[in-house]
Amino acid sequence: MKHMKKTIYVLILPLVVVIGLVFANREIKNQTKPSPKPLSIADRKDHLVDDRKKWEASPDGIKYKEWEVSPEGKKVHASHDKIRKSIKAFTNMEAVVTSVTFQRANAKSSGPKWLIVKINGEEYMMQFIPKDFEQLKSLKVNDKIIVSSRSAGYSSNHPYLIISGDYIARNNKILFKRDFSKNKGC
């Protein structure tokens, strides 16, 4: 029996030592891994430039660049230039409704709703989810409204500049006001 105990100890002792070394080695590897450094502003800009160059070389990027230099693209960019200051300052812009039924080709009836308005002789699009568009159902073509927008976007798939309809009023009555508290600052 004594001999058997010694044999078991002789077999278990190396096993314990090996297990200890494996765990110790794992701890050392975890400690020596360099922690990822946050990217510097210059590195982030470089990544953005690289990502943009990759996108511009993609089929969508090429199509967009061709649209930008086309007469349609130049017209959309020029219309943005006309209201850029108002968007940046989030000031009121007088507008006239030109369409409340615009729909993209092949669009689903449950998809986004569009309001087309004319501001200083240029037409602009505003996109709404159906629930938000309900608040604007009283609008008709040629209604004069006040619009405030915080942003604008270009799309080669749309004939006009797309502005956010963050605030819309008619006859000093607010018809729509976007709730930014839901975004939690984003």
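Since this is a predicted model, take the numbers as computed values, not measurements. These values consider heavy atoms only, across backbone and side chains, with no hydrogens, waters or symmetry-generated copies.
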Problem - Arg52 atom CZ: more than 12 heavy-atom contacts under 6.0 Å - result: no

Handout entry: Salt-bridge contact Glu134-Lys137 (side-chain N to carboxylate O under 4.0 Å)
Key = yes

Practice task
Answer yes or no: is there an ion pair linking Lys53 with Glu56, defined by an N-O contact shorter than 4.0 Å?
Solution key: no

Handout entry: For the student: nearest non-hydrogen atoms of Ser138 and Asp143, plus distance
Key = O-OD2, 4.0 Å

Handout entry: Which atom of Val97 lies closest to which atom of Leu115, heavy atoms considered
Key =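 Result for this residue pair: CG1-CD1, 3.9 Å.
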
Problem - Results of salt bridge (Lys or Arg N to Asp or Glu O under 4.0 Å) for Asp81 - residues two or more places apart only - result: Arg84

Problem - Those residues that, when tested against Leu48, pass side-chain contact (heavy atoms from CB on, under 4.5 Å) (two or more places apart) - result: none

Problem - Phe128 and Arg178, any side-chain heavy atoms less than 4.5 Å apart - result: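 Heavy-atom side-chain distance check passes, below 4.5 Å.
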
Exercise for the section: Check whether any side-chain heavy atom of Lys82 lies under 4.5 Å from a side-chain heavy atom of Ile119, and answer yes or no. Expected result: no

Residues in side chain to side chain donor-acceptor pair (under 3.5 Å) with [X], at least two apart?
{"X": "Lys144", "result": "none"}
{"X": "Asn120", "result": "none"}
{"X": "Thr98", "result": "Glu123"}
{"X": "Ser156", "result": "none"}

Practice task
Give a yes-or-no answer on whether the side chains of Asp166 and Ser164 include a donor-acceptor pair shorter than 3.5 Å.
Solution key: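 There is such a pair between these side chains.
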
Exercise for the section: Indicate, with yes or no, if Trp67 and Trp55 share a hydrophobic cluster defined by side-chain heavy-atom contacts under 4.5 Å among Ile, Leu, Val, Met, Phe, Trp and Tyr. Expected result: yes

